Amino acid sequence: MRPTGVQEALSQVKADAKGFGNGVANGVHRESRHPLIDGVVSLEEKRDMYGFTVRPQHLEKYLEHDKIYKEEEVHRSNRWEQFLETYTSTSDSRSNGRGGGETAIEGRGSCWGSLRAVEQAVLHKHSGVGNGDAIGMCPWAEEVKKLVWEGVPVSLRGELWQIFTGAKVRWKDGFYQERLARDANVVKPFAGPVEKPPRLEKWASQIEKDLPRTFPGHPILGEDGMGSLRRMLTAYARHNPIVGYCQAMNFLGALLLLFMPEENAFWTLTSIVDVYFEGYYTEKMTEAQVDQLVFTQLMRERLPKLAKHLETVDVEISWFTGSWFLSIFVNVLPWECVLRVWDVLLYEGNRSMLFRTALALLEIHAAPLLQLHDNGDVLSMLQSMGETTFDSSQLVLSACLGFQEIDEGRLQKLRTRHRPTVIAEMHKRSLDVRQWRTINASSKQAINGTTNGSVVAPLRITQGEETNTLKPQSNDQRRLINLEDEDRSTLEPHLNGLKGLDIAEFEERHTLNYQLSAPKFFSYEPLVSNENHFKNEPYGRIDETDEFEDTESSDQEEEISRLRKELEHALQAREEAECRAEGLKHALAEMDQNRHSPVEMEKLKAQNAQLKQSLADKHEQESATVEVLVRLEQENRKADDARRRAVEKAEENCETSARALRRAADELEVMKKRALAAEIMLEAMEKRAVMAESMLKAVEQQAADELRAMEKRAVMAESMLEATLNFQSGSGPRTKRGVEPKSGALASMDSC
Amino acid sequence: MCRLRDHAQGFRRRPFPDLSFFISSFRSFCQVLLGDMGAGKSSLALRFVKGQFFDYQESTIGAAFLTQTLAVNETTVKFEIWDTAGQERYHSLAPMYYRGAAAAIIVYDITNADSFGRAKKWVQELQRQGNPNLVMALAGNKADLASKKKIEAEEGQAYAEENGLFFMETSAKTAQNVNELFYEIARKLPKAQPAQAAGMTLTDRSASRLTPAKTTCCT
Ligand SMILES: Nc1nc2c(ncn2[C@@H]2O[C@H](COP(=O)(O)OP(=O)(O)OP(=O)(O)O)[C@@H](O)[C@H]2O)c(=O)[nH]1
Ligand SMILES: [Mg+2]
């Protein structure tokens, strides 16, 4: 049951006392050993224990952590050994269904035999059964998980990664060699359409370019290592032509080669790219883009403060996480961290660990990031912070514990939600490309003076500078392009879905549709209709629009997403069909050359024609779908515009009333001030009045005093007069006194 | 991403202990390196920023961000550089890096005719964006490998002139014309903060509506 390659690898490992698998390249034993074990790497070379260069600026920090790494390594080796010893008997008794050949690894002792305990735990987890029964089946699954979180010992890493990824389950004897044999120009009997992939030469040259640019100078990637990597990547490209070769795979493949023999690394890589990262490294990189939208959302949820901060400094996290995810943190984090992240990621059977690691990494560096307010400074820090994150346990444990609930289920839901956005965006872009191309072609044609255009439709140029005419291609021409245009996917990888769609025609029809179906709310002209209730209600119209939107747009949205899904399926089918057609073409050519059986050739030709036909049908279907989709989108957009306008108007309204309020408040303020002034004046006047009063009183008092004094004087004068009179007359009769008092008084007064 | 900032904004956005305050004029701008895989984008950036060169420069996955601050004509200029991945399929990620850029350097390898073809496609793509303020440069790199030359300087020059780019043959290995290239871009940049591309179409807006997460950086 176990493939011989693995057995070979295992016996190789067995031969190595330390248990690290040296690379086996087609039976050629490689001399290079793991630097950690052989002590090949000295720190003067500034290489870490895995043989990778340490940047000089981080060397000090690395040395600090190096001790911790070594301690942790010892600790986890003990933990794993203990675990494996404990569960050896249990798992052996349970896995009685396995072939006896497996016991060939008894040379490893209990340790290796019992790796099946881990295998079982992984199988249990991947089978997705989470009920009590399953736990009963594999009681140590939880323990394995904890062990993996703590890290896999270097000596077991290669073997365990193969178990985690199911590389052994996928293993097919001879498959790898067969893929490689084609290299030797052996004309093999035609096996299947997909297996003769198109554009192989392009991959070959791309792989060749990247080989020396993959961990340059690493002791394990010498001539032999590069040879292994070349074969691995080539075999993969032939195995899955839809992916072919994508930059990043060189790093993934090379990393695997450090821990396992070539063929094992091939199967592990195949698992990773085909299963863990399906749709990631393809020509369109759709899933890589979807994951960015998903991550952005998760970051807003889980690190809202940081997300907000990045927004204010105009930084999008996907500028960085895109690279992080595609390289699975290789060259982003220090090696110890990369390997620890890989341990968990591969163990889990999906790529959800990417999200948790990225969140943990950002969380760790959130505080200093929040201190930076310059866009460039934030970008620089995001670029460099990964390589300074030496604390692997902190990173992995805060990822696994802190963001535990971000699991594959949750991610799948989010991906489904965001995928249509990405697909629509790609189609829009290809539409733009197509539009541009057509315009360019037609202007060239106009210059050349060719006049063989049959249908001429006006089309506005993107820049809106000039109006041009263009000539749609005939259907045949278009189909021809589809099959023959080798050039097509160079800059416009997403063009495919729209090749069959004629833009001029589309635009024309689209405009027509729009005129017919666009609700009146969207028109900018004043309404002349009998909807007179809008009269004198400048914003009433917009409110209507909102209502319209609410009821209608959800339906539209639904339809859009349905159509998008349809489109997606159609595209997928198309891609496959194309691939098959391409393969058939090659086969045909080959057979033509070799004058092989004409019957088969006829059959193939027929098949090819059939495929072409179905392809053409697909195109038509697609273009129709795209048309509807784009129209709906446009309508949606118009509605959006209207809504936005409404909001703007409302805002304006608010603004006006706010202004009025402000004015009123100002006036109030003025009046208040005036009142205050009046009050003050009143007070002053009161004060003055009081003062006047007291002055009056004083005057009165004075007057009274004067009067009194005068009276006194008068009395005095009288008495003086009397005395004088008495004195003058001495004995004069008293009766005369009243006759001349005046003169007497006056005299007394004068004398005074 | 990074945007062309005017003087005042540059100050406002700097963190507090900032020496640029004493410099009479400070600008920072964002540029993007585009071109085929192996054309030498990373090598040019590394030569300009760190003065280093490696015979085997690791392939770029996604993109990398670098900065360099230099004095150009009495102005201190901070070059903020996005070095992108060259493989064709990575093209779908490129717009998020060039969207906010004030300048673009399109690099080809003079020993590789395909890379020249690809450079032309990049020029077309950028022209399609319709940003009249974008400064574009065409760099024919690996000029030190004259014996393996496939694309003559005249050809590059002619194409550049035709399309309103400026052209230089460079070598990241010998540092020939590397600083000159970046300086020339700094000189060509419009002095005032440019108004954003007028050529934004309705369809462009619909795209940004569809991808709310990918907000444009230069609005
Ligand atoms: N002789 C010579 N070699 C160069 C020069 N520039 C770059 N190279 C080499 O060309 C190879 C590719 O250079 P990179 O800078 O990695 O190219 P790139 O454009 O960044 O490539 P990708 O990251 O794959 O897109 C490296 O091995 C460099 O050493 C040059 O001016 N002269
Ligand atoms: Mg690069």
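Just so it is clear, the structure is predicted and the values come from calculations on it, not from any experiment. By convention in this document, chain letters (A, B, ...) are assigned in the order of the sequence lines, proteins followed by strands, and residues within each chain are numbered from 1.
The distance from the CG atom of A:D314 to the SG atom of B:C30 is 11.0 Å, given to the nearest 0.5 Å. Distance check, rounded to the nearest 0.5 Å: OG of B:S92 to CD of A:E283 gives 9.0 Å. Remark: B:E80 CD to A:D374 CG distance equals 6.5 Å, nearest 0.5 Å. Within the model, atoms OH of B:Y90 and CE of A:M285 stand 4.0 Å from one another, a figure rounded to the nearest 0.5 Å. Between the CG atom in A:L221 and the OH atom in B:Y56 there is a gap of 13.0 Å [rounded to 0.5 Å].
For chain A, no part of B:F54 is nearby; none of its heavy atoms comes within less than 4.5 Å. Using a 4.5 Å cut-off between heavy atoms, B:T67 contacts chain A through its side chain alone, with no backbone atom that close. Of the two parts of A:F325, neither the backbone nor the side chain holds a non-hydrogen atom closer than 4.5 Å to a non-hydrogen atom of chain B. At a 4.5 Å heavy-atom cutoff, A:S384 makes no contact with chain B through either its backbone or its side chain. For chain B, no part of A:V294 is nearby; none of its heavy atoms comes within less than 4.5 Å. Only the side chain of B:L93 comes within less than 4.5 Å of a heavy atom in chain A; its backbone stays farther off.
Around atom NZ of B:K148, no more than 12 heavy atoms belonging to other residues, nucleotides or ligands sit under 6.0 Å away.
Between A:Q247 and B:T60 the shortest heavy-atom distance is OE1-O, 4.0 Å. Between A:T214 and B:E58 the shortest heavy-atom distance is C-OE2, 4.4 Å. Of all the heavy atoms in A:S318 and B:Y97, the pair that sits closest is O-OH, 4.1 Å.
With hydrogens and angles disregarded, a donor-acceptor distance shorter than 3.5 Å links the side chain of B:Q87 to the backbone of A:Y245. A donor-acceptor pair is defined here as one N or O able to donate and one able to accept, closer than 3.5 Å; such a pair exists between the side chain of A:S323 and the backbone of B:I61. Judged purely by atom type and a 3.5 angstrom limit, B:R128 has no side-chain atom pairing as donor or acceptor with the backbone of A:D432.
Note: A:F320 and B:W82 meet the aromatic proximity criterion, with ring centroids under 6.0 Å apart.
With chain A as the partner, the residue from B:G86, B:G117, B:A85, B:A63 showing the most heavy-atom pairs under 4.5 Å is B:A63. When each of A:G322, A:A288, A:S380 is checked for heavy-atom pairs under 4.5 Å with chain B, A:S380 comes out on top.
Classification of B:D109 and A:K209 as a salt-bridged pair fails, no side-chain N sitting under 4.0 Å from a carboxylate O.
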- [ ] Evaluate salt bridge (Lys or Arg N to Asp or Glu O under 4.0 Å) for B:D55 paired with A:R213, printing each intermediate quantity in order.
- [x] CA-CA 9 Å; B:D55 279 327; A:R213 306 207 291 139; over 6 Å; no
